[in-house]
Amino acid sequence: MFEQQLVNGLTLGVIYALIAVGYTMVYGVIELINFAHGEVYMLGAFFCVTFITALGMPFYVAIVAAMLCCALLGILLDVVAYRPLRNAPRLAALITAIGMSIFLQNLAMIIWGSRAKPFAQEAVPAYLAETALEWSGVHLTWLQIFILGVALVMMLGLYLIINKTRIGTAMRALAQNKTAAALMGINVNFVISFTFALGSAMGAVAGVLVAVYYNTLYPTMGYVAGVKAFASAVLGGIGSVPGAMVGGVVLGVAEALGAGYVSSLYRDGVAYAVLIAVIIFRPSGILGRAVVDKA
Amino acid sequence: MLKLDNVHAYYGSIHALKGVCLTVEQGEIVTLIGANGAGKSTTLMTVSSVVPVRRGSITFEGRDITKVSTNRVVEMGVVQVPEGRMIFPGLTVAENLRMGGYLRRDKDGLRRDEDKVFDLFPVLAERRRQPGGTLSGGEQQMLAIGRALMARPRLLLLDEPSLGLAPIVVENIFEVVQEINAAGTTVMLVEQNAQMALSIAHRGYVLATGEVIMQGTAKELLDDPKVRKAYLGED
Ligand SMILES: Nc1ncnc2c1ncn2[C@@H]1O[C@H](COP(=O)(O)OP(=O)(O)OP(=O)(O)O)[C@@H](O)[C@H]1O
Ligand SMILES: [Mg+2]
């Protein structure tokens, strides 16, 4: 029972982590909570299903195509909605982010309808539904292994991009001092857009994984997932990428245990409780540095 | 090489530069001196397009760079070591240097230039894997200069490289500036330490409340009684 909850929590947790890195990276470079990030995650799932059903793409190809589309969408969001407000008061950008979130949600409703749809199960490789391992009552499906594996590879890739590449180093430089970064010849707007693209691609994958895992997708799915991923990012220390990864996993496990041992009614409440507790007791999060509020 | 023509700049309603005119010729060291708040840093920041020019123009090698973005100005070879160093505290010394050479793709040249920086400032070589933020103030200043050199500047803008440094380190830094200049880099040097600055510069400008109030060769300025009184601490 405990082990099973742990496995389930871990599966959810890595998905939260995939979304959370998008929040935290964008916050890291422009100090904006991109509320529309949950919608990018939702659209990742819809793009994927649409590519499968309308264009007949194979499952794996559709995932990559959805990533690319969401990366472009992330860039578009930045260029159209946030870049014009770069020097405006922070509240302006924040309100715009909420506006973009509502806009994208409604756009999805217009295009795909507001009711929940099943994922295109016929396109999902059948083996994923089978149990891969079973020991003392704990089931681990291939789908869960797939989710954990994909998340692990994406995180590793992200780590390498941020720490080992030229543009990743530029992202970190930018997060530390924008003026100095510009004085190095770094194209600040380009690097910010790249950050959006990276986070959005990760979010798209999370959207697909969740839609497959629960076999459902709907235009408002980005809301709760967004809140949980945001809570994960805050828990890990907003702005810290390893923090977002750890925060997501911790939150996923806490949720699964909370739902398993207390009541499944409290599942979503755990995220809010964590968010509030972190804000009260440790605003800088698990791995975040203590920050002076600049608002 | 560089020409500022009647440059005006504002911070909100503060009129920080009120028609600055100055030139820097290829191969020179030109110094900009003046009291606190005179507009020296602002002048460099307008050249780097960090602070926008409201009126007037800036040309570099005959091209108008008044409205050119910061990264394009750097691409053209104008590189600044800003006031307060602005090194990246969370990046290692090596990464800071790599960011200095951000626009360059010649791996071999970059490695050679990194070695040159380490020759110039051996202490940086020892600290190469250490976060920039853990360096001492003087070491950070060396890193900031080294980082700028990694860009192979044609025109190097230095904003108070001597600030807060021990006299021996200041001398070392000024020697380095002269070496850099002798190797063909044009230098524009902003300094509080007017004596030191004028001792290595070819020419100088005196700035007060956003305007050039005096200019001349370094010797003329050093010999000028008003300059001696106001900026060299004589009475
Ligand atoms: N970010 C800013 N916001 C508002 N005012 C500013 C800002 N930066 C500079 N100023 C003002 O512009 C004027 C010129 O400042 P600047 O930094 O160019 O002076 P400076 O000559 O470099 O002085 P110092 O020798 O103290 O470095 C000053 O009156 C200063 O108060
Ligand atoms: Mg200054």
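Numbered from 1 within each chain, the chains take letters A, B, ... in sequence-line order. Everything numeric here is computed off the predicted structure, so don't read it as measured data.
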**Study point:** Among the listed options S69(B), P89(B), P82(B), the residue most often paired with chain A at heavy-atom distances under 4.5 Å
**Key:** P89(B)

Practice item. Count the heavy-atom pairs under 4.5 Å between each of G101(B), G100(B), G90(B) and chain A, then report the option with the highest count. Key: G90(B)

Would you compute the distance between atom [atom1] of [X] and atom [atom2] of [Y] and round it to the nearest 0.5 angstrom?
X	Y	atom1	atom2	answer
L183(A)	R147(B)	CG	CZ	8.0 Å
M150(B)	M184(A)	CE	CE	11.5 Å
K164(A)	E95(B)	NZ	CD	8.0 Å
Q176(A)	N96(B)	CD	CG	8.0 Å

Revision key, fill the gap. Given A170(A), A173(A), A181(A), the one with more heavy-atom pairs under 4.5 angstrom with chain B than any other is A173(A)

Nearest heavy-atom neighbours spanning [X] and [Y]:
X	Y	value
F88(B)	N177(A)	CE2-O, 3.7 Å
N71(B)	I186(A)	CB-O, 3.6 Å
M99(B)	R166(A)	CE-O, 3.8 Å

Check your understanding: What do you reckon, is OH of Y159(A) surrounded by more than 12 foreign heavy atoms closer than 6.0 Å?
Key -> no

Check your understanding: Can you say whether N163(A) sits under 4.5 Å from chain B via the side chain, the backbone, both, or neither, judging by heavy atoms?
Key -> backbone

